[in-house]
Amino acid sequence: MLNEKVANLLNTQVNKELYSAYLYLHFSNFYTEQGLNGFANWYMVQAQEERDHAMLFVKYLQNNDSPVVYEAVEKPAASLSDKMDPLTAGLEHERYVTSLIHTIYEAAYESRDFRTMQFLDWFVKEQGEEETNASDLVKKMELFGGDSKGLYMLDAELGARAYSAPSLTL
């Protein structure tokens, strides 16, 4: 059985990952409305990833005989009016999720829960990639987003992103 604090944090993370999926669907919808279907695709794929992250946490809890507690998922609060808004909000959100993963890791370390630490190692690495991707999008938009041809090419690049399920096995 998992340490109570660790189990509670893992359950909270399920909800946070589902919120992330909602947030990225919100971003995808915003870009669809702007006619930037590549950006919309990028965030749709991102939403799929976040949903799968939530399911990995659910399966981990189940595999450790820990009850899964589902909470209501908040409506995304991000106010979007400019093409850059989802990108900067996305970067800020990924940094927040990284802090949540670190908090769970710290609790697992304190309770000497090495199995959970090993499970979280993948998420620590994943969050590094997520932050890099989000930061790169901000930089690319700053460089090319003000030029219509550059924006068109960036949108086409993002439209080529395809979903790939996480490779973490439990």
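- You'll find the side chain of V69 stays beyond 4.5 Å of the side chain of L61, heavy atoms only.
- For the pair Y19 and V73, the tightest heavy-atom approach, listed with the atom from each and the gap, is CA-CG1, 3.7 Å.
- Proximity of K140 to L87: side-chain heavy atoms (C-beta onward) are nowhere separated by under 4.5 Å.
- The closest side-chain heavy-atom distance from N64 to T116 is not below 4.5 Å.
- Side-chain contact between E110 and N3: absent, with no pair of heavy atoms (C-beta onward) separated by less than 4.5 Å.
- L23 CG to Q46 CD: the interatomic distance, rounded to the nearest 0.5 Å, is 10.0 Å.
- R161 contributes a side-chain N or O that, together with a main-chain N or O of W42, makes up a donor-acceptor pair within less than 3.5 Å.
- A donor-acceptor pair under 3.5 Å is formed between the side chain of N15 and the backbone N or O of E71.
- In this structure, N29 contributes its side chain and L25 its backbone to no donor-acceptor pair below 3.5 Å.
- Among residues at least two apart or in separate chains, side chain to side chain donor-acceptor pair (under 3.5 Å) pairs with a member in residues 89-98 are K16-Y96, S20-H93, Y24-E94, E94-Q127, T98-Q127, T98-E131.
- Once rounded to the nearest 0.5 Å, the distance linking CG of L36 with OH of Y43 reads 12.0 Å.
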Cut-off 3.5 Å, no hydrogens considered: what does the side-chain donor-acceptor table look like for residues 149-156, sequence neighbours left out?
residue: D155; atom: OD1; partner: G38; partner atom: N; Å: 2.8
residue: D155; atom: OD1; partner: F39; partner atom: N; Å: 2.9
residue: D155; atom: OD2; partner: G38; partner atom: N; Å: 3.4

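- Remark: side-chain polar atoms of Y22 are not paired, donor with acceptor, to backbone N or O of E17 under 3.5 angstrom.
- Grouping Ile, Leu, Val, Met, Phe, Trp and Tyr by side-chain contacts under 4.5 Å, direct or through others, leaves M1 on its own.
- Pairs engaging residues 73-85 under the side chain to side chain donor-acceptor pair (under 3.5 Å) rule: S81-D85 [sequence neighbours left out].
- A donor-acceptor pair is defined here as one N or O able to donate and one able to accept, closer than 3.5 Å; no such pair exists between the side chain of N11 and the backbone of Y70.
- Not a single donor-acceptor pair under 3.5 Å links the side chain of N37 to the backbone N or O of A40.
- Shortest non-hydrogen contact noted between L158 and N41 is O-ND2, 3.1 Å.
- For the pair Y105 and F123, the minimum side-chain heavy-atom distance is 4.5 Å or more.
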Could you walk me through whether E50 and L18 pass the side-chain contact (heavy atoms from CB on, under 4.5 Å) test, one step at a time?
CA-CA 7 Å; E50 302 303 339; L18 292 171; over 6 Å; no

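- F144 forms part of a hydrophobic cluster together with L143, judged by ILVMFWY side-chain heavy-atom separations under 4.5 Å.
- Counting heavy atoms from C-beta outward, L120 and Y109 have side chains that stay 4.5 Å or more apart.
- A distance of 14.5 Å separates CD1 in I101 from NZ in K125, rounded to the nearest 0.5 Å.
- Looking at D113, its side chain never comes within 3.5 Å of a backbone N or O of A108 through a donor-acceptor pair.
- Smallest separation of non-hydrogen atoms from S66 and A7: OG-CB, 3.4 Å.
- Scored by the side chain to side chain contact (heavy atoms under 4.5 Å, CB included) test, A107 finds K5, V6, L9 as partners (sequence neighbours excluded).
- Rounding to the nearest 0.5 Å gives a distance of 13.5 Å between CZ of F27 and CE of M44.
- Residue L100 holds its CG atom at 11.5 Å from CG of L10, rounded to the nearest 0.5 Å.
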Go through V45 and Q48 one step at a time and tell me if the side-chain contact (heavy atoms from CB on, under 4.5 Å) criterion holds.
CA-CA 5 Å; V45 170; Q48 290 172 306; 4.1 Å; yes

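- Here the straight-line distance linking atom CD of E33 with atom CG of L80 works out to 9.5 Å at 0.5 Å rounding.
- Below 30°, between 30° and 60°, or above 60°: for F119 and Y60 the angle between ring planes is below 30°, a parallel geometry.
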